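Everything on this sheet refers to the single structure shown next.
This one's a predicted model, so the numbers in the text were calculated from it and none came from an experiment. What's counted below: heavy atoms across the whole structure, side chains too, no hydrogens, waters or symmetry copies. Start at 1 with the first residue, then count along the sequence.
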Amino acid sequence: MSNDLEKSECLNKMIFFGQHSLERALKEYVAHYHSERNHQGLDNQLIDPGEEIGCVAGKIECRERLGGLLKSYCRNAA
């Protein structure tokens, strides 16, 4: 899915109540974009991977942002 399509689909499912709710949603999206979403232009790597990325031990967890509109999966660091 292209980045622009992902953003528009996410925004189409949200109702904002003022500037604060819009800023919060954008902050969550940017955090997802930089640390949880693979990027084709970077050989399907993350822009800013966390310490747990690449671990082979631990339980796989689903992380949700924006009420479940954005999801990512990773291993819980042991």
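Nearest approach of A25 to F16, heavy atoms of both residues: CB-CE2, 3.5 Å.
In this structure K71 satisfies the salt bridge (Lys or Arg N to Asp or Glu O under 4.0 Å) test together with E64, sequence neighbours excluded. Not counting sequence neighbours, the partners of E28 by the side chain to side chain contact (heavy atoms under 4.5 Å, CB included) test are R65, L66. Residues meeting the salt bridge (Lys or Arg N to Asp or Glu O under 4.0 Å) test with E23, sequence neighbours left out: none.
Taking OH of Y29 as the start and NE2 of H34 as the end, the distance is 9.0 Å to the nearest 0.5 Å.
Through chains of ILVMFWY side-chain contacts below 4.5 Å, I60 is grouped with Y73.
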